[in-house]
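Computed over heavy atoms, backbone and side chain alike; hydrogens, waters and symmetry mates excluded. Below, read A as the first sequence line, B as the second, and so on, with proteins coming before strands; counting in each chain starts at 1.
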Amino acid sequence: MERRKKYLAGLLFIFLLLVSPCLTYADDGGEANVITQTVILDTLWVLITAFLVFWMNAGFACVEAGFCRAKNAVNILTKNFVVFGITLVCFWAVGFALMFGDGNPFIGLTGFLLSGPDNSPLMGDLYQGVYSSLNWTGVPLEAKFFFQVVFCGTAATIVSGAVAERIRFSAFLLFSVVISTIIYPIAGHWIWGGGWLSSFLGVGFKDFAGSTVVHSIGGWSALVGAWLLGPRLGKYGKKGEISPIPGHNLALATLGALILWLGWFGFNPGSTMSADPIKIAHVALTTAMAASTGIVISCLYAWWRLGKPDLTMIINGSLAGLVAITAPCDGVSVFGSFIIGGVAGFLVVESVLFFDRIKIDDPVGAVSVHLVNGIWGTLAVGLFDVEKGLFYGGGYKSLLVQFVGIISVGAFVLCVATVAWLIIRAVIGLRVDVNEEYLGLDKSEMGLEAYPEERVIPEYTIAQDA
Amino acid sequence: MERRKKYLAGLLFIFLLLVSPCLTYADDGGEANVITQTVILDTLWVLITAFLVFWMNAGFACVEAGFCRAKNAVNILTKNFVVFGITLVCFWAVGFALMFGDGNPFIGLTGFLLSGPDNSPLMGDLYQGVYSSLNWTGVPLEAKFFFQVVFCGTAATIVSGAVAERIRFSAFLLFSVVISTIIYPIAGHWIWGGGWLSSFLGVGFKDFAGSTVVHSIGGWSALVGAWLLGPRLGKYGKKGEISPIPGHNLALATLGALILWLGWFGFNPGSTMSADPIKIAHVALTTAMAASTGIVISCLYAWWRLGKPDLTMIINGSLAGLVAITAPCDGVSVFGSFIIGGVAGFLVVESVLFFDRIKIDDPVGAVSVHLVNGIWGTLAVGLFDVEKGLFYGGGYKSLLVQFVGIISVGAFVLCVATVAWLIIRAVIGLRVDVNEEYLGLDKSEMGLEAYPEERVIPEYTIAQDA
Amino acid sequence: MERRKKYLAGLLFIFLLLVSPCLTYADDGGEANVITQTVILDTLWVLITAFLVFWMNAGFACVEAGFCRAKNAVNILTKNFVVFGITLVCFWAVGFALMFGDGNPFIGLTGFLLSGPDNSPLMGDLYQGVYSSLNWTGVPLEAKFFFQVVFCGTAATIVSGAVAERIRFSAFLLFSVVISTIIYPIAGHWIWGGGWLSSFLGVGFKDFAGSTVVHSIGGWSALVGAWLLGPRLGKYGKKGEISPIPGHNLALATLGALILWLGWFGFNPGSTMSADPIKIAHVALTTAMAASTGIVISCLYAWWRLGKPDLTMIINGSLAGLVAITAPCDGVSVFGSFIIGGVAGFLVVESVLFFDRIKIDDPVGAVSVHLVNGIWGTLAVGLFDVEKGLFYGGGYKSLLVQFVGIISVGAFVLCVATVAWLIIRAVIGLRVDVNEEYLGLDKSEMGLEAYPEERVIPEYTIAQDA
């Protein structure tokens, strides 16, 4: 009986799915027939780099899973895998319209379901449609969307590392809906969607590829989540001592970092959204340089500060360099990127230690990588940009605008994310109960183990609270 | 003495290898000197997407190894690694000619060893050569071959998951020769090689990127193999109970799924074989959308049906969405892809449960992913294609043609694959003996362990037949 | 007090970092404004293939870590991760100028810090600048540098596998500085930088993508390192017996090999440094073919020679085929690549056995893959090149030149690498002490374990010297 009900529901479900498209429309008739060689070149570049950015999902999954314990690996992998699916649907239905649709300086209001009028790839004054804020790039609308949605997916994924090993699976999924539908699109509208920050004080807030838009937004959301959830059991002792909880697979984490780095060659050079050869070569180089000095400095600094060349710090050092160069990558010299990455490598080590001291438990260092260095990279525009940076004779105005942007985006995300997390907590609860956390989320929530055949050392799987 | 004989044989081998090229010819003199910017753009697109499709080999290796037990991991990895080497040689020597060479509606008969006359990249009526069925794409012959051989490799690789953990290594290698030399090329000729299905009943069978050509052909072959081999020891008990045999490494499997997804951005958008910006952007988006709704629906449906958000179902849900959108990806709306992927996410869960009920043991769910959803995707063309689909006013004709194509390809592959598997069984045997299976193929056949240092839980490595 | 000093030093460090760019210059003002469609196409190709070559870092990390024991995994991963950061900084500051800067036939002397005069992407006679040896490719200077630095990174990374499991971390880092600053650039100058070998005896030494420049240079350096370090504890017994020390994770190694293969589709086809469609399609195909026959022959030959289809031999067989086809890939027929890869698959098996017999302990087979097959591939140009190869009627002259190139590069690298290793040994020591080696480098040097939760079999972690 129970079984039959299930099947009836299943059949109803299929029927509804099959019938629904009859009620819909073809959504790609509006493209103008103006395909030039330049459109082709730009579209190839935008799509290929978008594929690389998509690939960052694999990087986040590997880094985060590797930095956590085996008993929670399935949970983290599932979160990272599902979040992109959710993001794509939400950003398609709502987020893209709020971010890039025409509206007011605070929010886009048109173009939901990617179905607004649009004559891309026509550009500039020739463009007619509701996504005016993207009229500077000459690629088809669906290429624009595809490139933007993989960025949104990145912001959503950043959260999962900081809240790992204790959040309810369903709570995380709900927050993913919120960040990709509301938080990222609205704050993003201010900067990339033609909103108030994009032209603030004449110079405009500059964030070339998203140190603030992607990384800080993800980072602020992660910070609130980690703070509201509280630390993992056994992380901070009663006498203030900090117990390291080592990640279960550093090979996986290292591979993940290299995947992320490869993805960043899509993230930054692709953000030109046009195949401008001198610019994309320059951005590729500044990106690689900042990651490299992030590695070298985090390696040497951690060696000096902690007495060993700590691989987890070096991995986060490379990512910190990459996050920091994301905003300024197109406007700084190679030497500028050398410095920006090096500072990031130093900052991330101190930041990881700092958040442990104030007892905000971030299992993978997501806040230190994405928020702290997202802020640093955004400020670095005001310092190192060869056109308007302080160190290149540009005065303080750009630095001020960057600062205002950081503060206002931070305030907005903090507020909305806090409200969202609190509502989720009130409705379904944020955190698994103590026994589930002891047992591991894989057994308690996911019903699967990542490595069912391995004998593991029980201290790591069961208890950390001496 | 024994040793000396070995060396003599080795030296003879080297000598023959070194001498043989003197007897051969340079095989790239026929290219016409007509390189335009369009040829360059199209070739860049075809090669880069082919690299991504090649990359799917890594995805299959990771998913299949992760879904099986550690004691068989080296075996599965080796199969997946070697199969592409075999495929490339076989498809170069014979398969490409049978599939794309001029011939009759049932088989190609010219252009073996990629050495037939050919004036690519000239196209259409200007094309003169023996690979007429590929005269619609304006890239050099070797780019056409390279793109097609990575597709053939995918079809061959699909088989390995379904027959895993019990097939003889040599039996699998022999079947790989058969599928890449005969099965895939001949059935493929009917559809992509200008054969009878390509123009059937006027409308023609439509399979844009290979839901049938690649995935169903691989899937039918896998089904026969899994059925002839019988289930793994301990999988199905005497009283009809089904024992789950969990995969040994879900981190590896998840990474593999993301690799496959990335590869699919080559598979589907690359199948344009030309850098048509609106089309490739659309295909990239429908591909991503179907994978996403495959994920979301398989997650929710498995949660409801099985009581947990099962990562293995979600992984297969994403792949099911990708397989299903492969045939219709260029001709459906984004909303169509939303539905197609969602249905695939539902189908794959039910299909995995169904094949377990009928006791066909498919360790990784390859048949459910590639065959069931290959069929669903092929039918979906007849339902959702905006030009000729039933739901868009195209009537039943296209749906009928799709159905005929599915049936006839299925019948052909079932017959030839069955004969091939039976001959292999008669000559060298299909299945390892019981002791070897208990011990694991890695120790018994491969002489290597994947993780020699790990202590594993013996229940998983030794016995499953309570 | 101690703490305060640390912070003061940290602050000083930040200050210096922040101030220093004021003393510098923008380094991208010299580009001429001559961007044509061809420049765009070529730059896209060069950058995308460079990204793939960068990706090989992940491949080396996975193969090398997988082939070593778990107790040294963090050490190997860290080496592979840090080495690219070091390489990029060194090659930017010094190496690129020594290799491609104008100078004399033995060394480049201009263009340090990538800041010499340069009007790229102008080509040939129109080019004015100090990097004349790269005036045959029409892409921006930063694209040229980016493509070349990822090659340098590959050469540096090759060393790490051969010296694994016993070298001091700091000794390896120092040698990385030497190889990327001095060894690779100077020998590379002879061949690719317009030096004496590039036009030797009229025909010129030919090494299209670097069988000698990248792989042999890395391989010679690795050989000296492995020889000076001596074998790992327990590898070779007192009575001459050889104890295999199996790698701890063959899934990781297999994935790494597929990553490397994907990367090679950047390495070889990208070395055109222009989007020439017929050539890049041909190179992609010969590259894939040599890897495939390397796989098939190493599989069959190892099966016959060792009694099992040894996955580690097959992995090295694929890499051997890829290394061997690197020099001749653009000038041989597909059939030529078929032979070259097959011979490589045979050579690598015999070579691995040979180096074990002479008791040079190379944990991952790096010397057999990169040096032996780098030599074979370089000679293969003289045999199989359709224009000047012996088997195609080109006579012995090209073969002679190739031979001279191999010998002279080998002699140079052997000398400089030996001196460098000996200086490093004298100053800080090459090898960890016995107890550290027993314990594993991860615990003794890195202060982290790769898999802290896993129970491992003590024989593999503690003692190998029965």
Item to check | Contact winner vs chain C - A:Leu41, A:Val296, A:Thr38, heavy-atom pairs under 4.5 Å | outcome: A:Leu41

Next on the checklist: Counting heavy-atom pairs closer than 4.5 Å to chain A, which one of C:Met446, C:Lys144, C:Glu445 comes out on top?
Outcome noted: C:Met446

Item to check | Heavy-atom contact with chain C under 4.5 Å, split by part of A:Trp264 | outcome: neither

Next on the checklist: Does any backbone or side-chain atom of A:Thr312 lie under 4.5 Å from a heavy atom of chain C? Answer side chain, backbone, both or neither.
Outcome noted: both

Next on the checklist: Working to the nearest 0.5 angstrom, can you tell me the gap between A:Phe338 CZ and C:Leu113 CG?
Outcome noted: 9.0 Å

Checklist entry - Can you say whether A:Ile295 sits under 4.5 Å from chain C via the side chain, the backbone, both, or neither, judging by heavy atoms? => result side chain

Item to check | Pairwise distance CD(C:Glu454) to CD(A:Glu454) - rounded to 0.5 angstrom | outcome: 4.0 Å

Item to check | Heavy-atom pairs under 4.5 Å with chain A, option from C:Phe84, C:Trp55, C:Phe145 with the top count | outcome: C:Trp55

Item to check | Residue pair A:Ala251 / C:Leu77: nearest heavy atoms and the distance that separates them | outcome: CA-CD1, 3.4 Å

Checklist entry - Are there more than 12 heavy atoms of other residues, nucleotides or ligands under 6.0 Å from atom NZ of A:Lys308? => result yes

Checklist entry - What part of C:Phe51 gets closer than 4.5 Å to chain A, counting heavy atoms only: side chain, backbone, both or neither? => result both

Checklist entry - Rounded to the nearest 0.5 Å, how far does OG1 of A:Thr254 lie from CD1 of C:Ile76? => result 11.0 Å

Item to check | Portion of A:Ile48 that has a non-hydrogen atom of chain C nearer than 4.5 angstrom | outcome: side chain

Next on the checklist: Between A:Ala281, A:Ser298, A:Ser318, who has the most heavy-atom pairs with chain C when the cutoff is under 4.5 Å?
Outcome noted: A:Ala281

Checklist entry - Does any heavy atom of chain C fall under 4.5 Å from the side chain of A:Trp261, the backbone, both, or neither of them? => result both

Item to check | Gap between atom CZ of A:Phe335 and atom OG of C:Ser115 - 0.5 Å precision | outcome: 11.0 Å

Checklist outcome for this item: side chain to side chain contact (heavy atoms under 4.5 Å, CB included) test vs A:Pro277 passes for just one of C:Val39, C:Val139, C:Asp42, namely C:Val39

Item to check | A:Ile314 CD1 to C:Thr78 OG1 distance, which is reported to the nearest 0.5 Å | outcome: 5.5 Å

Next on the checklist: Please classify the contact between C:Leu47 and chain A as side chain, backbone, both or neither, with a heavy-atom cut-off of under 4.5 Å.
Outcome noted: side chain

Item to check | Heavy-atom pair count under 4.5 Å with chain A, highest-scoring of C:Gly447, C:Ser170, C:Ala73, C:Gly256 | outcome: C:Gly447

Item to check | side chain to side chain contact (heavy atoms under 4.5 Å, CB included) between C:Ile40 and A:Trp45, intermediate numbers included | outcome: CA-CA 10 Å; C:Ile40 300 175; A:Trp45 182 243; over 6 Å; no

Checklist entry - How about C:Val149 and A:Leu285: do any of their side-chain heavy atoms sit closer than 4.5 Å? => result no

Item to check | Pairwise distance CG(A:Leu250) to OH(C:Tyr451) - rounded to 0.5 angstrom | outcome: 8.5 Å

Next on the checklist: Shorter than 4.5 Å, heavy atoms on both sides: which option in A:Asp276, A:Leu52, A:Thr49, A:Leu255 has the most such pairs with chain C?
Outcome noted: A:Leu255

Item to check | Shortest non-hydrogen separation from A:Leu258 to C:Ala58 and the atoms involved | outcome: CD1-CA, 3.5 Å

Item to check | Side chain / backbone / both / neither for C:Leu252 at chain A, heavy atoms under 4.5 Å | outcome: side chain

Checklist outcome for this item: Highest number of heavy-atom pairs under 4.5 Å with chain C among A:Ile259, A:Thr293, A:Leu44 belongs to A:Ile259

Checklist entry - Does a donor on one side chain sit under 3.5 Å from an acceptor on the other, for A:His282 and C:Glu142? => result yes

Item to check | Region of A:Ala291 in contact with chain C, defined by heavy-atom distances below 4.5 Å | outcome: neither

Checklist outcome for this item: The interface call for C:Phe169 against chain A, heavy-atom contacts under 4.5 Å, is side chain

Checklist entry - For A:Phe265 and C:Phe146, what are the C-alpha separation, side-chain angles and deciding distance, and is it a ring-ring contact (aromatic ring centres under 6.0 Å, His included)? => result CA-CA 12 Å; A:Phe265 288 131; C:Phe146 190 77; 5.3 Å; yes

